[in-house]
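All figures in this text were calculated on a predicted structure; none of them were measured in a lab. Only heavy atoms go into these numbers, but all of them, side chains included; no hydrogens, no water, no symmetry mates. As the structure lists them, so they are numbered: ligands from 1, and atoms in each ligand from 1.
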Amino acid sequence: MDNPPQNQRILSGMRPTGRLHLGHLHGVLKNWQRLQQGNDCFFFVADWHALTTSYEDPAGIPEATWEMLLDWLAVGIDPERATLFVQSAIKGHAELHLLLAMITPLPWLERVPTFKEQQEQLGDRNLATYGFLGYPLLQSADILIYKADGVPVGEDQLSHLDVTRQLARRFNWLYGREPDHGERVAESLGRMAKKAASRFKGLRSAWQEEGDEAALAEGKALLAEQASLGPEDRERLLGELEGRGIEILPEPEPLLTPESRFPGLDGRKMSKSYGNTVSLREDPEQVRERIRTMPTDPARVRRSDPGTPEKCPVWDFHRIYSDEATRAWAYEGCTTAGIGCVDCKGPVIESVLAEQAPIRERAAELEQNPARVRELVAEGNRRAAEVAEETLTEVRGAMGLGSPEAGGG
Ligand code: TRP
Ligand code: SF4
């Protein structure tokens with residue numbers, strides 16, 4: 001994503017995992033910072049999603065939610081530019097989840113790769129639950145309720161986005177047809193030569209019933225050739241061919257977060273589950289200590305042994321944090337045994353501390369003033385609820401769900 005999108009509705013969520021670390025900053029959060037300039041961004045804490053795997057032990061979720069929001073604000077996710085909110089505060093997500101559940105074929109959920117994988121990985125928990133199966137469905141509700149154009153996610157989430165897109169299409173097909181759709185299609189077809197019209201019908205069923213992509217392509221070409229069709233006919237028939245209706249719920253595009261394999265203190269990817277993280281607000285003394293004791297090239301036993309930076313986790317940090325001169329100094333010093341590992345780590349420590357300083361400062365301010373944070377989040381919740389309610393009104397209407405007082409029930 002070298003050219004960030006502009007003027008789009010962007011939405012993304014994170015499960016509340018508590019305090020965030022440097023890997024989150026260099027991956028997700030820097031990307032959000034970029035996107036919040038020039039786009040209408042919605043960022044939320046997916047606390048209901050946390051329940052899908054932690055339903056037996058939900059006690060930590062509120063605190064993890066709070067800490068995460070504080071980190072977002074501290075790194076400069078700006079509530080003036082982006083709407084920050086908490087999923088469980090917007091009940092509309094649950095209503096849309098329920099309504100979408102009605103039209104979701106089970107195999108769409110059962111074949112999502114994360115479903116089986118996570119069940120295996122988290123084998124100690126019973127994840128043969130309805131809520132866990134519905135994880136991508138709830139995520140779809142999160143996205144569709146804001147009519148997001150773009151959804152920044154990591155690669156592991158792409159299969160969920162596929163479900164979302166399929167669901168949007170299915171919803172629009174089921175509920176986005178004009179009341180007299182059948183007649184209008186017949187009329188448009190009537191403007192085509194008989195032979196072409198019957199060919200069109202054959203191609204449509206080959207695509208919709210058998211998923212024959214060549215038939216879809218041929219159908220499109222056929223429509224393009226029909227000089228007798230006006231633009232409206234053509235659009236209607238194209239929808240008929242593809243099996244989509246009027247766009248009530250737009251299909252979102254995934255915006256793949258640039259892959260950042262931010263290194264952890266042990267050379268593996270930085271991840272809470274490896275215990276190799278430096279959190280964004282970690283105490284400076286603790287940061288010094290953790291970097292000072294991090295492992296180095298195992299072959300460099302004595303100070304007089306030359307080392308191989310490529311085999312050292314500290315070198316990964318130099319590559320991220322050091323300017324060229326410092327990198328050259330470290331490389332040269334390591335390979336000639338000119339410097340010791342403690343020397344080598346010095347500039348890394350200083351760079352990490354310098355990066356954290358403004359974050360720590362802002363976080364301290366916010367911690368002093370929890371009422372202000374609560375107000376910012378309440379404001380975000382209000383804005384989110386407004387947009388969500390607008391979409392829900394349309395969705396209810398499209399599905400024919402009237403309110404009882406209007407005589408619909
Ligand atoms: N499933 C996402 C994750 O684990 C979190 C999430 C929930 C999300 N709802 C979302 C991300 C909607 C983007 C859009 O990372
Ligand atoms: Fe790693 Fe630096 Fe020590 Fe070389 S000198 S082994 S790069 S810490």
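Remark: aromatic rings of His49 and Phe44 are distant, center separation not under 6.0 Å.
Taking CD of Gln36 as the reference point, atom CG of Leu84 lies at 8.5 Å (rounded to 0.5 Å).
When only modelled atom types and interatomic distance are considered, Ser279 and Arg19 share no side-chain donor-acceptor pair under 3.5 Å. For the residue pair Glu310/Tyr331, the side-chain donor-acceptor check at 3.5 Å is satisfied. A donor and an acceptor atom, one from each side chain of Gln8 and Asp40, are nowhere located under 3.5 Å apart. A donor atom on one side chain and an acceptor atom on the other are not found under 3.5 Å apart for Thr65 and Asp47.
Contact between Pro263 and Phe317 at its shortest, heavy atoms only, is O-CZ, 3.6 Å. The two atoms that bring Ile145 and Thr391 nearest to each other are O-OG1, 2.8 Å, heavy atoms only.
A distance limit of 4.0 angstrom between heavy atoms and ligand 1 selects the residues Leu11, Ser12, Gly13, Arg15, Phe44, Ala46, His49, Tyr135, Gln139, Asp142, Ile143, Val151, Val153, Gln157.
Shown here are the protein N/O/S atoms lying under 2.8 Å from atom 4 (Fe) of ligand 2, water excluded: Cys334 SG.
Residue-environment remark: CZ (Arg111) exceeds the threshold of 12 foreign heavy atoms within 6.0 Å.
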